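Please read the structure below before turning to the comments.
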Amino acid sequence: MEIISRLADSFLFWAAWIVIPVLMEIVPSIGSVVILFKKKIKQKKVEIPVLDPEITIIVPVYNSQDTLGACIASIADSDYPNSSIRVLLVNNQGKDDSFRVFCESQEKYSDLRMQWLNAKQGKSKALNLALFNSKGKYIVHIDSDGLLERSALKNMVYKFESDPSIECMTGAILTEPDLVEEYPWFFPKILRKIEFMEYAQAFLAGRNYAAETNTIYTLSGAFSAFRKSAVLKSQLYNTDTICEDTQITFQMKYLLQTKVTICENAIFFVDPIEDMNKLYTQRQRWQRGSLEVSNMFLKKEMNIKNMFTNVGVRTLLYDHTFAFPRMIWYLALICLLCLKFSMKLIGFSTLFLYGLYVLIGMCYYISTIGFLGEFKEIKRYYAKQWYVVFLLPFFNLLVFFIRFAGVLNSINTSSAWKTRNFTEEKQAARDSISKDFAGARRIMRKMRAYVNGE
């Protein structure tokens with residue numbers, strides 16, 4: 001019985017640390033390397049169409065005067081013929097001079113057909129208005145604060161043309177390397193380099209594996225594309241969630257039963273994260289949106305047996321259900337000493353877990369380099385950031401706490417695009433602690449006054 005008890009204790013200890021990372025992260029990271037070799041060996045020749053089909057590019061605009069001009073320039077300068085492109089800029093009740101930028105761009109790129117639409121407030125409503133006004137065979141969504149890599153549109157359209165079974169796909173999102181390098185050392189630049197590594201690995205390695213297993217969780221709202229015939233069969237963009245890109249992805253997967261894939265050589269560059277406040281609000285928004293969309297589509301599917309067959313259930317369980325015991329485990333490490341676990345065992349197990357996450361990062365690092373093969377400059381820059389792999393576990397731990405805060409905030413606050421940032425959360429925490437201890441301080445003052453005869 002003593003041996004069984006020791007085995008049970010060891011399993012509980014190691015399972016909490018290792019089993020979940022192995023199932024959820026190590027297997028996909030190794031799988032991404034396998035997919036890379038598979039794609040290189042069985043590289044399919046992309047069919048070049050006789051005529052480039054007409055496409056509509058939808059660009060939501062909201063106070064985008066500082067970035068819109070460069071975004072339009074990246075469309076005009078792409079190697080997809082401007083005669084086959086129609087651009088719809090949908091103004092989401094912005095208050096700046098974005099319209100002036102649009103007018104200047106019309107004059108500068110006279111061969112590019114552009115149209116300005118004014119929509120009611122809300123990104124989903126703006127996107128739906130553009131969908132109803134779109135023309136052509138394919139519809140591409142890009143954000144107004146990013147830049148298309150020159151061959152991104154061509155690569156995406158040609159992949160559609162080469163495989164008629166593809167109805168929708170996401171592009172690969174990377175932060176702009178030149179902008180990353182503009183930040184000063186030490187912490188500001190390191191944070192942006194980690195974000196660059198995270199995006200590259202998530203899109204080029206992680207989503208390639210997910211595409212192969214038909215488990216892509218979301219089409220990136222910053223850069224994605226649809227066959228017009230497919231997206232118009234959906235319920236369009238939902239106005240009841242702040243994650244409209246995840247919601248349309250779930251529609252394509254669960255309502256229309258279509259495969260969601262990625263075009264890894266269609267790259268869209270976005271600005272690096274501005275600061276911790278921006279990171280905090282961004283990741284909380286993603287977390288809340290995931291909860292909202294899961295509630296819409298997965299109510300009847302929420303069963304532990306579906307964890308291995310349904311990516312939505314698996315992601316929800318990992319990000320939310322397992323988040324609470326993980327949080328308890330992080331905060332209760334010190335208590336293990338009281339349960340006869342040695343400091344040596346705790347230290348080595350923590351180091352071992354860190355090593356596993358570095359191994360995950362290295363697998364993604366290798367496969368990402370392979371997927372960047374045709375982009376020599378980006379590949380060279382990415383390869384030089386190898387040391388960032390050793391920092392990713394700490395960044396992911398930070399993001400876990402942010403996302404956990406998002407779970408808690410979604411319980412007691414209403415859904416909104418604008419949420420409290422990190423600075424505001426700290427001040428709210430200080431105010432709450434001050435209020436909670438105000439009564440105790442009053443009692444202490446009365447006791448002190450009584451004892452001193454005041």
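Index from 1, following the sequence. Here the structure is a predicted model, which means the values were calculated and not measured.
For Thr215 (side chain) and Ala210 (main-chain N/O), a donor-acceptor pair under 3.5 Å exists by modelled atom type. Looking only at distances, a side-chain donor or acceptor of Ser124 sits under 3.5 Å from a matching main-chain atom of Asn238. For the pair Glu195 (side chain) and Ile273 (backbone), a donor-acceptor distance under 3.5 Å is present. Side-chain atoms of Asn133 come within 3.5 Å of backbone atoms of Leu129 as a donor-acceptor pair (strictly under, hydrogens ignored). Looking only at distances, no side-chain donor or acceptor of Asn92 sits under 3.5 Å from a matching main-chain atom of Tyr62. A donor-acceptor pair under 3.5 Å links the side-chain atoms of Asp245 to the main chain of Gly221, judged by distance alone. No donor-acceptor pair closer than 3.5 Å links the side chain of Asn265 to the backbone N or O of Glu374. Between the side chain of Ser98 and the main chain of Gly94, no donor-acceptor pair closer than 3.5 Å is present. Here the side chain of Ser144 pairs no donor or acceptor atom with the backbone of Val59 at under 3.5 angstrom. At distances below 3.5 Å, not a single donor-acceptor pair connects side-chain atoms of Ser110 with backbone N or O atoms of Glu107.
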Check the pair Leu179 / Arg192 against side-chain contact (heavy atoms from CB on, under 4.5 Å), numbers first and verdict last. CA-CA 9 Å; Leu179 295 180; Arg192 277 77 183 186; over 6 Å; no
Under the salt bridge (charged side-chain N to carboxylate O under 4.0 Å, His left out) rule, what do Lys259 and Glu212 come out as? Steps first, then yes or no, please. CA-CA 10 Å; Lys259 183 178 180 180; Glu212 193 72 15; 5.9 Å; no
Walk me through it: do Ile248 and Leu236 pass the test side-chain contact (heavy atoms from CB on, under 4.5 Å)? CA-CA 7 Å; Ile248 196 74; Leu236 305 185; 5.6 Å; no
For the pair Ile402 and Gln284, evaluate side-chain contact (heavy atoms from CB on, under 4.5 Å) and give the outcome as yes or no after the intermediate values. CA-CA 7 Å; Ile402 293 175; Gln284 284 216 30; 4.0 Å; yes
With side-chain contact (heavy atoms from CB on, under 4.5 Å) as the criterion, how do Gln251 and Leu256 come out once you've worked through the C-alpha distance, each side chain's angles and the decisive distance to 0.1 Å? CA-CA 6 Å; Gln251 285 190 54; Leu256 301 183; 5.7 Å; no
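No side-chain heavy atom of Leu204 sits less than 4.5 Å from a side-chain heavy atom of Ser367. Side chains of Met362 and Phe390 form a contact here, defined as non-hydrogen atoms less than 4.5 Å apart. Here the side chains of Tyr357 and Leu392 are not in contact, with every heavy-atom distance at 4.5 Å or above. Side-chain contact between Ile139 and Val231 is present, with at least one heavy-atom pair separated by less than 4.5 Å. Between Phe269 and Ile267 the shortest side-chain heavy-atom distance falls below 4.5 Å. Looking at Leu127 and Val90, their side chains never come closer than 4.5 Å, going by heavy atoms from C-beta outward. Looking at Val101 and Gln65, their side chains come closer than 4.5 Å, going by heavy atoms from C-beta outward. Contact annotation: the side chain of Val140 never approaches that of Thr56 to less than 4.5 Å [non-hydrogen atoms, C-beta and beyond].
Each of Asp79, Ile57, Asp52, Ile142 was compared with Leu153 under the side chain to side chain contact (heavy atoms under 4.5 Å, CB included) criterion, and only Ile57 meets it.
Heavy atoms only, all atoms of each residue included: Thr261 and Ala211 are closest at OG1-CB, 3.8 Å. Nearest heavy atoms, Thr170 versus Met156: C-CE, 4.0 Å. Across all their heavy atoms, Ala230 and Met252 have their closest contact at CB-CE, 4.0 Å. Closest of all the heavy-atom pairs between Ala266 and Ala152 is CB-O, 3.5 Å. The nearest pair of heavy atoms linking Thr258 to Cys168 is OG1-SG, 4.3 Å. Contact between Gly373 and Lys379 at its shortest, heavy atoms only, is CA-CD, 4.3 Å.
Every side chain to side chain contact (heavy atoms under 4.5 Å, CB included) that Thr249 has, sequence neighbours left out, goes to Thr218, Leu219, Lys253, Val260. Every residue meeting the side chain to side chain contact (heavy atoms under 4.5 Å, CB included) condition with Ser74, not counting sequence neighbours, appears here in chain and number order: Leu147, Leu148.
For the atom pair Leu391 CG and Ile194 CD1, the distance stands at 5.0 Å (nearest 0.5 Å). Atom-to-atom distance recorded for Lys125:NZ and Gln93:CD is 8.5 Å, nearest 0.5 angstrom. For the atom pair NZ of Lys154 and CD of Glu161, the computed distance is 14.0 Å after rounding to the nearest 0.5 Å. The line from CD1 of Ile85 to CD1 of Ile55 is 5.0 Å long, rounded to the nearest 0.5 Å. One finds the CZ atom of Phe371 at 12.0 Å from the CD atom of Gln201 (value rounded to the nearest 0.5 Å). Rounding to the nearest 0.5 angstrom, the gap separating the OG atom in Ser224 from the CD1 atom in Ile58 is 9.5 Å.
Comment: Glu104 engages Arg100 in a salt bridge, judged by a side-chain N to carboxylate O separation of less than 4.0 angstrom. Between Lys137 and Glu54, no side-chain nitrogen of the basic residue sits less than 4.0 Å from a carboxylate oxygen of the acidic one, so the salt-bridge criterion is not met.
Residues Tyr381 and Glu377 have side chains that never bring a donor and an acceptor to within less than 3.5 angstrom of each other. Counted by atom type alone, Gln115 and Arg86 present one or more donor-acceptor pairs between their side chains at under 3.5 Å.
Residue pairs satisfying the salt bridge (charged side-chain N to carboxylate O under 4.0 Å, His left out) criterion with at least one member in residues 222-232, sequence neighbours excluded, are listed as follows: Glu167-Arg227. Pairs passing the salt bridge (charged side-chain N to carboxylate O under 4.0 Å, His left out) check and including a residue from residues 177-186, sequence neighbours excluded, read Glu181-Lys189, Glu181-Lys193. Screening residues 99-149 for ring-ring contact (aromatic ring centres under 6.0 Å, His included) gives Phe99-Phe102, Phe99-Trp116, Phe102-Trp116, Tyr138-Phe160, His141-Phe226, His141-Tyr237 as the qualifying pairs, with residues at least two apart or on separate chains. For residues 267-276, the set of pairs meeting the salt bridge (charged side-chain N to carboxylate O under 4.0 Å, His left out) definition, not counting sequence neighbours, is empty.
For an aromatic pair to be called close, the ring centres must be under 6.0 Å apart, and Tyr217 with Phe250 satisfies this. Between Phe375 and Tyr382, a ring centre-to-centre spacing not shorter than 6.0 Å is recorded.
Taking the centre and axis of the six-membered ring of Phe203, the NZ or CZ atom of Arg207 falls inside the cone set by 45° and 6.0 Å.
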